[in-house]
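In what follows, a single structure is set out as structure tokens and then discussed.
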Amino acid sequence: MLNFYPGPSKLYPSIEKHLIDAYKCGILSKNHRSADFMELLEQTTHLLKTKLNIPSDYAVFYISSATEAWEIIAQSLIKESSLHLYNGSFGEKWFNYTKKLNPNTKQCQFGLNEILPTDKITPSELICITQNETSNGTSVNNITLKKIRDSYQSSLIAVDLTSSLGGVKFNFEDADIWFASVQKCMGLPSGLGILICSPNAVKRAYELNFNLHYNSIIANYEQMKVSQTTHTPNILGIYLLKNILTEIENITEIEKRTKNNLSYLQNELAKIPFLAFLTNNSQILSETVIALKIDENHIEKLKKHLLQNNIIIGNGYGEWKKNTIRIANFPQIEFSEFEQLIAILNRFEY
Ligand SMILES: *Cc1c(COP(=O)(O)O)cnc(C)c1O
């Protein structure tokens, strides 16, 4: 079976071995206040920073999901309101979720073919951006993120990287809060989220002093100072993350492969008459999640054709559920798998 679902997605193949090793080495039955666990946490954070080029003074917290990151940010870093810029379902969910906790929260929606309109940003204590909109295959590039950083020096900036962290490079200095779940572009089993905070974000959390929740930034930070977590964490997930980080190349090398695979897919998909990119603006095309439009009358037949050929692709999402398919371009998927996908798509009788 070839799996191009954007999440949970194909796992790195070495996960099989690491699962068995995790059991055998005993780490899963070790107390999370033990020296062995603390060492695992320290090594994982060190590797994460080294492989993904995260500044050494940023804090890393191990949480359960990106959804939990939305909640932590809303409960730890917003006094009055945040501003959410989005063009798809995940950005909208983040906004709606935050609005429940902070009713003054504001939104700015933009179009599927539009570059994020930086001129529509109003000064705000926290600006929230979905860097890779998994629902529609669009993204916000590093140049735009830098522009926002330069224009709004006194705002905190939070960026959702759930379907791009691990596949492409980011300049972590250009925002304060970055987060992802690991079951998408990181090629790991679900149940672990990574929340990365700049020194400024941590400072702001202490100024606001919102510390009512077990998972507040302050509570997380206090525990991480002694290489521990606020609760018994996903030890297996952290163990697997550490081992995958040990194996993978630096993100600079991984990104080259991501871009190569994307240009191959872009060229080949453009030749297939029954598919079109959902966004018509190639400047905002996501590098890691491809969303393709297809006639509603043919979509079920296409999915059946792919399944018969042992291929799983992503369904459409939200507003685009019925007329799109999605293909993950994640680093754990080999180039030869993309070649097989293209060959089988070409055999579809439209
Ligand atoms: C999948 C996804 C989420 C939610 O991730 P969970 O692990 O289910 O919390 C949030 N944001 C984006 C952009 C996503 O793709």
Side-chain angles (χ1 to χ4, degrees), residues 3-11 61-75 82 84-101 105 107 109-110 112 116 126-141 144-145 157-168 170 175 177-196 215 233-234 236-238 240-241 258 278-279 284-291 312-321 324-333:
N3 191 342
F4 299 95
Y5 214 96
S9 56
K10 180 193 169 185
L11 301 175
F61 307 125
Y62 298 91
I63 59 175
S64 67
S65 64
T67 305
E68 190 189 2
W70 294 342
E71 178 172 297
I72 293 173
I73 293 165
Q75 289 175 336
S82 50
H84 295 249
L85 294 115
Y86 62 86
N87 71 354
S89 298
F90 285 101
E92 183 176 27
K93 275 192 189 180
W94 186 5
F95 165 70
N96 285 332
Y97 201 91
T98 305
K99 199 167 166 63
K100 282 192 202 165
L101 295 166
T105 287
Q107 62 177 319
Q109 276 180 273
F110 56 98
L112 189 59
L116 183 144
L126 177 70
I127 299 168
C128 300
I129 293 156
T130 303
Q131 188 277 327
N132 202 61
E133 182 47 82
T134 321
S135 67
N136 61 23
T138 65
S139 67
V140 178
N141 69 21
T144 304
L145 291 175
I157 301 169
V159 189
D160 184 338
L161 298 179
T162 303
S163 52
S164 50
L165 185 72
V168 287
F170 296 103
I177 304 111
W178 306 79
F179 59 90
S181 304
V182 300
Q183 76 276 12
K184 293 182 182 174
C185 205
M186 303 282 296
L188 289 154
S190 61
L192 181 67
I194 299 169
L195 176 63
I196 302 161
N215 58 1
N234 182 345
L236 176 59
I238 295 169
L240 295 174
L241 174 63
T258 303
L278 180 58
T279 175
I284 58 168
L285 205 62
S286 160
E287 290 172 303
T288 52
V289 178
I290 297 170
I312 297 172
I313 46 145
N315 293 322
Y317 197 96
E319 191 182 330
W320 303 282
K321 202 174 179 66
T324 57
I325 56 168
R326 292 176 303 151
I327 298 168
N329 178 26
F330 294 161
Q332 66 273 27
I333 304 173

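Ligands are counted one by one from 1 in listed order, and the atoms in each one are counted from 1 as well.
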No-hydrogen, no-angle side-chain donor-acceptor test under 3.5 Å, Ser286 and Ser139: no
Close approach of Trp94 to ligand 1, heavy atoms, under 4.0 angstrom: no
Atom 6 (P) of ligand 1: nearest protein contact (heavy atom, Å): Ser181 OG, 3.5 Å
Backbone of Thr134 reached by a side-chain donor or acceptor of Arg326 within 3.5 Å: yes
Protein heavy atom at shortest distance from atom 11 (N) of ligand 1: Asp160 OD2, 2.7 Å
Top protein contact for atom 1 (C) of ligand 1, by heavy-atom distance: Lys184 NZ, 1.3 Å
Subset of ligand 1 atoms that lie under 4.0 Å from at least one heavy atom of Gln183: 6 (P), 7 (O)
Asn132 neighbourhood, listing ligand 1 atoms whose heavy-atom distance to it stays under 4.0 Å: 13 (C)
Within-cut-off N or O pair, Thr134 and ligand 1, under 3.5 Å: yes
Donor + acceptor pair across side chains of Gln109, Asn87 (<3.5 Å): no
Donor-acceptor contact present, side-chain Thr288 to main-chain Phe330, <3.5 Å: no
Closest protein heavy atom (residue, atom, distance) for atom 9 (O) of ligand 1: Thr67 OG1, 2.6 Å
